[in-house]
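Report on the following structure.
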Amino acid sequence: MAVARPVGASSEGVRKSMQANKSRDTKPELALRRAVHALGLRYRVAVRPLPKIRRTADLVFTKAQVAVFLDGCFWHGCPEHHIKAATNADYWAEKVVRNRERDAETDRKLSESGWLVIRVWEHEDPKRAAVRIAEQVWKIGQGAAERVTPRGHVQRNDV
């Protein structure tokens, strides 16, 4: 059952707060990008992995076909940190359900097209997430002669 979408913000303060929410270049995203870049990986930012599908990944490794999505705990219903909204609770609960359904659909469509999808929660340590991303990208072959050590250092193997 669909919940009626509010016509406008419940207050001027809420309106200003919602307008201030950025869709890219958030602090968690910038921290993740810095950590991935520090490992020597290069990527594209805010790109549609499949141009015909209206889904934008936060980091895209085109050669390796890896799409990384940094999911916000509130917006995507993090099992550890999601907090129900106090205002318009039914609307926001349904919105989070729809977001999660869209995430699953996105993962399925990208996987069917040969892409590896990596999802990172905004609360995850960016350096650990970067190592996880790098291991997958290098495993696929973008940097087959390199690997990340458990401490997050790049190790180059002479092949």
Side-chain angles (χ1 to χ4, degrees), residues 1-39 41-62 64-137 139-140 142 148 152:
M1 180 174 104
V3 175
R5 182 182 176 117
V7 176
S10 58
S11 72
E12 183 63 19
V14 169
R15 185 182 71 76
K16 286 183 178 181
S17 175
M18 294 300 293
Q19 285 179 331
N21 285 332
K22 300 191 313 185
S23 63
R24 63 174 277 184
D25 299 334
T26 61
K27 286 181 183 179
E29 186 179 330
L30 291 173
L32 179 63
R33 288 183 354 211
R34 276 192 299 272
V36 170
H37 191 273
L39 293 175
L41 291 174
R42 301 301 178 257
Y43 47 83
R44 298 185 66 204
V45 176
V47 173
R48 291 181 182 179
L50 301 174
K52 293 182 180 182
I53 298 175
R54 213 176 126 223
R55 301 290 196 282
T56 303
D58 297 302
L59 282 78
V60 176
F61 300 88
T62 51
Q65 289 194 311
V66 175
V68 179
F69 295 87
L70 182 65
D71 294 336
C73 292
F74 175 79
W75 301 106
H76 295 268
C78 170
E80 293 180 42
H81 299 103
H82 179 72
I83 299 171
K84 288 185 179 182
T87 308
N88 297 324
D90 291 339
Y91 167 77
W92 287 110
E94 187 170 310
K95 171 108 176 114
V96 170
V97 167
R98 287 193 317 265
N99 286 348
R100 294 187 79 169
E101 289 170 350
R102 188 179 61 247
D103 292 346
E105 178 190 26
T106 299
D107 294 354
R108 181 184 56 76
K109 286 182 176 185
L110 289 172
S111 294
E112 288 173 355
S113 296
W115 285 77
L116 172 66
V117 176
I118 299 175
R119 292 210 172 257
V120 177
W121 287 109
E122 71 175 333
H123 69 263
E124 286 184 57
D125 176 62
K127 290 181 180 176
R128 287 185 180 165
V131 168
R132 183 165 51 102
I133 292 164
E135 287 175 342
Q136 292 302 312
V137 170
K139 181 178 175 184
I140 290 171
Q142 184 170 346
V148 179

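These numbers come from a predicted model, not from an experiment.
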Step by step, work out the side-chain contact (heavy atoms from CB on, under 4.5 Å) result for V117 and F69.
CA-CA 8 Å; V117 176; F69 295 87; 3.8 Å; yes

Measure the shortest side-chain to side-chain distance between F61 and P49 over non-hydrogen atoms and say whether it is less than 4.5 angstrom.
no

Got L32 and R34 here, is their nearest side-chain heavy-atom distance under 4.5 Å?
no

Let me confirm one number: the CG-CH2 distance from N99 to W92, rounded to the nearest 0.5 Å.
9.0 Å

Can Q65 and L116 be said to form a side-chain contact (heavy atoms from CB on, under 4.5 Å), step by step?
CA-CA 6 Å; Q65 289 194 311; L116 172 66; over 6 Å; no

Between P28 and L70, which heavy-atom pair has the shortest distance, and what is it?
C-CD2, 3.5 Å

Quick check for you: to the nearest 0.5 Å, what is the distance between K84 atom NZ and F74 atom CZ?
12.0 Å

Closest non-hydrogen contact found for W121 with G72 is CZ3-O, 3.8 Å

Does the side chain of V68 reach to within under 4.5 Å of the side chain of V60, using non-hydrogen atoms?
no

Mind checking the CZ-CZ spacing from R132 to R119? Nearest 0.5 Å is all I need.
11.5 Å

Report the residue from L59, I118, V66 that forms a side chain to side chain contact (heavy atoms under 4.5 Å, CB included) with V137.
V66

When rounded to the nearest 0.5 angstrom, what is the spacing between NZ in K109 and CD in E112?
9.0 Å

Approximate separation, where rounding is to 0.5 Å, of H81 NE2 and H76 NE2
15.5 Å

Would a 4.5 Å heavy-atom cut-off, applied to side chains only, mark V131 and I133 as touching?
no

If I compare all heavy atoms of I140 with all of A64, which pair ends up nearest, and what's the gap?
CG2-O, 3.5 Å

Heavy-atom distance under 4.5 Å between the side chains of R44 and T62, does that happen here?
yes

So, R128 and E124, do they make that salt bridge, N to O below 4.0 Å?
no

When rounded to the nearest 0.5 Å, the distance separating CZ of R33 from CD of E29 is 5.0 Å

Close side-chain approach of R54 to R48, heavy-atom, < 4.5 Å
yes

Quick check: do C73 and H123 have side-chain heavy atoms less than 4.5 Å from each other?
yes

If I compare all heavy atoms of R98 with all of Y91, which pair ends up nearest, and what's the gap?
NH2-CE1, 4.3 Å

Taking R100 for the side chain and G77 for the main chain, is one N or O donor matched with an acceptor at less than 3.5 Å?
yes

For the student: nearest non-hydrogen atoms of L50 and S113, plus distance:
CD1-OG, 3.5 Å

Ion pair present between R55 and E105, side-chain N to carboxylate O less than 4.0 angstrom?
yes

Any Y43 side-chain heavy atom under 4.5 Å of D58 side chain
no

